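Single-structure report; data block below.
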Amino acid sequence: MATATVSDTIAVEALSGGFDLYLTLESGQSYLWTRSDGEMYTDRRAPEAWYRTVVDGVPIQVRQPDGSGGDLEWQSTADADPLVRELLRLEDDLEAIAADAPDDPLVQAAYAAHDGMRLVDDPPFGTLISFICSAQMRVGRIHGMVSTLAREYGDAYALAGETVYAFPTPEQLATATEADLRDLRLGYRAPYVQRTAEMVADGEARPEDARELEYEAAREHLTRFVGVGDKVADCVLLFSLGFDEAVPLDTWIRSAIAEYYPDCDQGSYAETSRAIRERLGGRYAGYAQTYLFHHLRTGAVDA
DNA sequence: ACCCAGGATGTAA
DNA sequence: TTACATCATGGG
C-alpha cells in the first residue's frame, strides 16, 4: 500500500536574497539529487521537473515551476519543510552574505550573474564518496557515478508513484568489491570508494567527526580517508559539514588565482588556501568560491 | 590522435 | 618538505 503524499509550498519571496533551485542543485556542489527528466547537468533548465533525494529514510522531491524567485514546491511522505530548508540552506541571509562579499570585480560579477544560488548542506557520507569520485571528472559524469551507486546499492523508496533511491549507507556500500565498482566504470577511484566505505562501516572513522575540530585541523582529519586529499576534504567541509570558510582549490580556482590573484599563489595548498581564503572574505569565503567556480566553469565570465 | 575533467597516491630526490 | 609518473574513463 502506498504511503500518503504530503505536499506544501515555501514562499521564496520571504527569503533574504531569494532562491534559485536550478543554480543551487546544478552548480557542482551536490550529486545526491536526481532530476525527473533525467537531464541533470546538461546546462538546461526544466522548471517543471522534480529534483529527488532521500535523507535519513525520508524521500523528498522539490521543484520551482516559475523559475528563479518563484515559490518552491515540495512533496514527501512526511512534513519535510524543516528538512528542505536545512538541505538548501533557505535560512541563510543570502542578501547579507552577498553584500559582504569582497569588493572585487570577478567576485561581484559572479554574484550578480547567478542570483539566488545558495550553498547546500548535504549528508556527509554521500558527500564524501561523491567528491572521492570527482577526481579528474566532469560534473555530469560525477553525477552519473553517484546515481549509479545509489541505484545499485541504495534502498528504493516510493514517492508519489515514482521510485527514489537513497545513497547507500556505509555498510551497504562496503559490500561492494573493487572489481564491482570498476565494473560500474569508477576507474581508479574504485579502491578509494571501497576502502573509505569500509573504514566508515567498520567504525574506524566518520566524516562527522571533523565537525568538532577547527577548520584546518578538520581538513587534515578528513584526509585520513582513502582518496581524500586537501581539495576533496575542503569540498566535504564546505558542502556537508558547515565550514563556510573552506575554499576548495580545484583546477578552476587555481586558474583564477593564476590570472586574477597571482599574489595568493603561495606554493603549498595550505598556504595558498590561507591567502585566497582571506582574499575571498574569510568567514564566507566558501560561498564566494562556489559562485566563482560556477561562474568560471559555465563560461559566464567575460574575457 | 590529443587534451582535459571539482585529484590522490606512491616513490624518489 | 617538493617533484613526478601513474591511475580510468568519456567527451571535445
Side-chain angles (χ1 to χ4, degrees), chain A residues 23-33 39-44 110 114 117 119-120 122 126-149 176-197 199 207 216 219-241 243 246-259 265-274 276-277 280 285-301:
Chain A
L23 288 176
T24 300
L25 291 185
E26 302 201 37
S27 50
Q29 307 179 56
S30 178
Y31 301 97
L32 300 174
W33 298 73
E39 296 290 300
M40 215 164 159
Y41 283 112
T42 54
D43 294 316
R44 279 197 299 277
H114 310 289
M117 188 175 84
L119 285 183
V120 299
D122 271 337
T127 304
L128 179 65
I129 299 298
S130 293
F131 282 94
I132 287 173
C133 290
S134 78
Q136 295 294 104
M137 277 299 129
R138 287 184 173 80
V139 293
R141 284 203 61 219
I142 300 166
H143 181 261
M145 286 181 182
V146 175
S147 300
T148 299
L149 291 178
T177 66
E178 177 183 334
D180 291 335
L181 298 176
R182 283 185 186 273
D183 286 343
L184 296 178
R185 320 313 290 166
L186 264 66
Y188 61 78
R189 304 152 197 79
Y192 301 164
V193 169
Q194 199 283 324
R195 292 172 61 189
T196 289
M199 287 175 71
E216 292 197 9
R219 189 178 66 202
E220 177 63 24
H221 186 80
L222 288 180
T223 62
R224 76 179 49 212
F225 293 107
V226 185
V228 179
D230 289 326
K231 186 271 169 184
V232 167
D234 266 331
C235 288
V236 176
L237 291 176
L238 181 60
F239 302 135
S240 74
L241 293 174
F243 288 83
V247 177
L249 300 182
D250 60 86
T251 55
W252 292 99
I253 297 303
R254 284 183 181 279
S255 69
I257 289 173
E259 190 166 352
D265 184 357
Q266 301 289 311
S268 74
Y269 189 101
E271 292 298 325
T272 302
S273 173
R274 278 177 206 153
I276 193 65
R277 185 163 71 253
L280 294 183
Y287 238 107
Q289 188 275 359
T290 298
Y291 271 85
L292 274 188
F293 170 79
H294 183 68
H295 196 57
L296 296 166
R297 188 186 69 79
T298 57
V301 57

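Letters go in sequence order (proteins before strands), and every chain restarts at 1. Everything quoted here is computed from the prediction, not taken from an experiment.
Rounded to an integer number of Å, the gap from A:Tyr269 OH to C:dT1 C1' is 18 Å. The OH atom of A:Tyr41 sits 18 Å away from the P atom of C:dG11 (whole-angstrom rounding). Computed from coordinates, the A:Glu26 CD to B:dG6 P distance equals 14 Å when rounded to whole Å. Taking atom CE of residue A:Met137 and atom P of nucleotide B:dA5, one finds them 12 Å apart after rounding to whole Å. Computed from coordinates, the A:Leu184 CG to C:dT9 P distance equals 11 Å when rounded to whole Å. Here C:dT9 presents its P atom at 10 Å from CG of A:Asp183, a figure rounded to the nearest Å. One interatomic measurement links the two molecules: CD1 of A:Ile253 to P of B:dA5, which rounds to 13 Å at whole-angstrom precision.
OP1 or OP2 of B:dG7 lies within a sub-4.0 Å distance of a side-chain N or O belonging to A:Gln136. Contact check, A:Arg141 against C:dG10: no side-chain N or O comes under 4.0 Å of OP1 or OP2. Checking the phosphate oxygens (OP1, OP2) of C:dG10, a side-chain nitrogen or oxygen of A:Arg185 falls inside 4.0 Å.
Ring orientation note: the planes of A:Tyr41 and A:His143 are tilted relative to one another, at an angle of 30° to 60°. In this structure, A:His294 and A:His114 have perpendicular ring planes: the angle between them is above 60°, well past the 30° mark.
Comparing C:dT9, B:dA5, B:dG6 by their closest approach to the side chain of A:Gln289 singles out B:dG6. Listed nucleotides C:dT9, B:dG6, B:dA5 differ in distance to A:Pro248; the shortest reach to its side chain belongs to B:dG6. When each of B:dG6, C:dT9, B:dA5 is scored by its nearest atom to the side-chain atoms of A:Ser134, the top-ranked nucleotide is B:dG6.
Here the separation of C:dG11 from B:dA1, taken at their C1' atoms, is 14 Å to the nearest Å. A distance of about 12 Å separates the C1' atoms of C:dA8 and B:dA5, rounded to the whole Å. Taking atom P on both B:dC4 and C:dA5, the two are 15 Å apart, rounded to the nearest angstrom. B:dC3 and C:dT6: their P atoms are spaced 16 Å apart (whole Å).
The line from OG1 of A:Thr127 to CG of A:Leu237 is 10.5 Å long, rounded to the nearest 0.5 Å. Distance check: A:Glu26 CD to A:Thr42 OG1 gives 6.5 Å after rounding to the nearest 0.5 Å.
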**Fill in**
Letter by letter from the 5' end, nucleotides 8-13 of chain B scores (B base, S sugar-phosphate only, - none; protein heavy atoms under 4.0 Å) SS----
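As judged by a 4.0 angstrom heavy-atom cut-off over every strand, A:Arg182 is placed among residues touching the sugar-phosphate backbone only.
Taking the side chain to side chain donor-acceptor pair (under 3.5 Å) definition, one finds that A:Thr290 meets it with nothing, sequence neighbours left out.
Around CZ of A:Arg297, the count of heavy atoms belonging to other residues, nucleotides or ligands within 6.0 Å exceeds 12.
The shortest heavy-atom contact between A:Thr24 and A:Gln29 is O-NE2, 3.5 Å.
Aromatic stacking is marked for A:Phe293 over B:dG6, as both cut-offs hold: 5.5 Å for the centres and 30° for the planes.
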Got a list of side-chain donor-acceptor pairs under 3.5 Å for residues 178-193 of chain A, not counting sequence neighbours?
from, atom 1, to, atom 2, distance (Å)
A:Glu178, OE2, A:Arg182, NE, 2.9
A:Glu178, OE2, A:Arg182, NH2, 3.1
A:Asp180, OD1, A:Thr177, OG1, 3.4
A:Asp180, OD2, A:Thr177, N, 3.0
A:Asp180, OD2, A:Thr177, OG1, 3.0
A:Arg189, NE, A:Cys133, O, 3.2
A:Arg189, NE, A:Ala135, O, 3.0
A:Arg189, NH1, A:Leu186, O, 3.0
A:Arg189, NH2, A:Ala135, O, 2.8

